[in-house]
Amino acid sequence: MKSKTFPHEWTQKEFLEHKNRLEKEGKKVLLIDTILSPIEKTDSVVYNPFELHKEDEDTVFVFYCDTGKNTKNRLNEYRKKFPKNLCISLKGGK
């Protein structure tokens with residue numbers, strides 16, 4: 001899955017739409033908490049590079065913080081750390 005087919009950021013609405021579609025295609029989409037503050041009524045995983053490296057290369061990583069600015073600024077870092085995975089920032093954050 002190439003990042004060129006997806007923008008660098010998804011709104012929460014886009015996240016839900018893409019998540020539903022991608023999961024129907026058999027792909028896993030993980031919402032990744034980088035601030036140790038889960039979003040209510042949704043499943044997320046705490047940012048842990050060691051565990052994330054165990055995920056399949058088809059897994060999509062969607063990183064979030066409070067405002068979305070930090071994860072957007074760090075997106076290139078995440079993409080270098082996880083080159084096999086599509087990495088997206090959650091626009092507007094939590």
Side-chain angles (χ1 to χ4, degrees):
M1 187 178 325
K2 305 232 185 220
S3 62
K4 292 179 182 180
T5 57
F6 288 100
H8 296 295
E9 296 179 288
W10 287 344
T11 63
Q12 288 187 10
K13 180 182 177 191
E14 289 171 324
F15 165 73
L16 293 172
E17 290 170 354
H18 289 303
K19 182 179 185 327
N20 288 334
R21 181 177 59 78
L22 290 168
E23 287 180 346
K24 285 179 185 174
E25 294 173 9
K27 294 178 176 54
K28 188 174 179 182
V29 179
L30 292 179
L31 185 60
I32 302 172
D33 177 354
T34 65
I35 54 173
L36 300 176
S37 181
I39 297 175
E40 288 184 34
K41 299 182 182 179
T42 191
D43 293 329
S44 62
V45 296
V46 173
Y47 177 65
N48 179 335
F50 179 77
E51 292 298 321
L52 292 174
H53 276 287
K54 296 178 182 178
E55 294 293 334
D56 291 334
E57 63 183 56
D58 279 347
T59 302
V60 177
F61 296 158
V62 182
F63 298 90
Y64 76 88
C65 60
D66 282 320
T67 65
K69 291 179 185 176
N70 286 331
T71 53
K72 183 180 179 188
N73 290 338
R74 294 181 69 190
L75 200 53
N76 284 334
E77 176 186 329
Y78 296 137
R79 288 179 172 165
K80 285 178 186 172
K81 244 180 215 180
F82 310 106
K84 296 178 187 175
N85 302 89
L86 176 60
C87 297
I88 306 278
S89 175
L90 189 64
K91 188 174 185 172
K94 183 178 172 188

### Task
Decide side chain to side chain contact (heavy atoms under 4.5 Å, CB included) for Trp10 and Lys91; before the verdict, give the C-alpha distance in whole Å, the side-chain angles of both, and the deciding distance to 0.1 Å.
CA-CA 5 Å; Trp10 287 344; Lys91 188 174 185 172; over 6 Å; no

### Query
Going through the distances and angles, do Arg74 and Glu77 end up as a side chain to side chain contact (heavy atoms under 4.5 Å, CB included)?
CA-CA 5 Å; Arg74 294 181 69 190; Glu77 176 186 329; 2.9 Å; yes

### Task
Check the pair Ser44, Ile32 against side chain to side chain contact (heavy atoms under 4.5 Å, CB included), reporting the backbone distance first and the verdict last.
CA-CA 6 Å; Ser44 62; Ile32 302 172; over 6 Å; no

#### Entry: Audit row: Leu30, Phe63, side chain to side chain contact (heavy atoms under 4.5 Å, CB included) steps and yes/no
CA-CA 8 Å; Leu30 292 179; Phe63 298 90; over 6 Å; no

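Applying the side-chain hydrogen bond (donor to acceptor under 3.5 Å, both in side chains) definition to pairs two or more places apart or across chains, those involving residues 31-43 are Asp33-Tyr64, Ser37-Lys94. Here ring pair (Phe, Tyr, Trp, His ring centres under 6.0 Å) pairs that include residues 25-45, with residues two or more places apart or in two chains, number zero.
Thr11 and Glu14 make their closest contact through N-OE1, 2.7 Å (heavy atoms, listed as atom of the first residue, atom of the second, distance). Minimum heavy-atom separation, Pro83 to Lys80: CD-O, 3.4 Å. Minimum interatomic distance between Thr71 and Ser89 (heavy atoms only, all atoms of both residues): OG1-OG, 2.8 Å.
The pair Arg21-Glu25 counts as a salt bridge, with a side-chain nitrogen and a carboxylate oxygen less than 4.0 angstrom apart. Taking the charged nitrogens against the carboxylate oxygens, Glu23 and Lys27 have no contact shorter than 4.0 Å, which rules out a salt bridge.
Between Phe61 and Phe82, the ring centre distance stays below 6.0 Å.
In the hydrophobic cluster analysis, where Ile, Leu, Val, Met, Phe, Trp and Tyr join through side-chain heavy atoms closer than 4.5 angstrom, Leu86 is grouped together with Leu16. Under the 4.5 Å side-chain heavy-atom criterion for grouping Ile, Leu, Val, Met, Phe, Trp and Tyr, Phe15 is not connected to Val45 through any hydrophobic cluster. Leu52 and Val60 fall into different hydrophobic clusters, where Ile, Leu, Val, Met, Phe, Trp and Tyr are joined by side-chain heavy atoms under 4.5 Å apart, directly or via other members. Residues Leu22 and Leu90 share a single hydrophobic cluster, defined by chaining ILVMFWY side chains whose heavy atoms lie under 4.5 Å apart. No continuous path of hydrophobic side-chain contacts links Ile39 to Tyr47 [ILVMFWY only; heavy atoms under 4.5 Å].
Side-chain atoms of Asn85 never come within 3.5 Å of backbone atoms of Glu55 as a donor-acceptor pair (strictly under, hydrogens ignored).
The CD1 atom of Ile88 sits 12.5 Å away from the NZ atom of Lys72 when rounded to the nearest 0.5 Å. We find the CD-NZ distance between Gln12 and Lys19 to be 13.5 Å, quoted to the nearest 0.5 Å. One finds the CG atom of Asp66 at 3.5 Å from the CD1 atom of Ile35 (value rounded to the nearest 0.5 Å). A distance of 12.0 Å separates NE2 of His8 from SG of Cys87, quoted to the nearest 0.5 Å.
Taking a 6.0 Å sphere around NZ of Lys54, one finds it holds more than 12 heavy atoms contributed by other residues, nucleotides or ligands.
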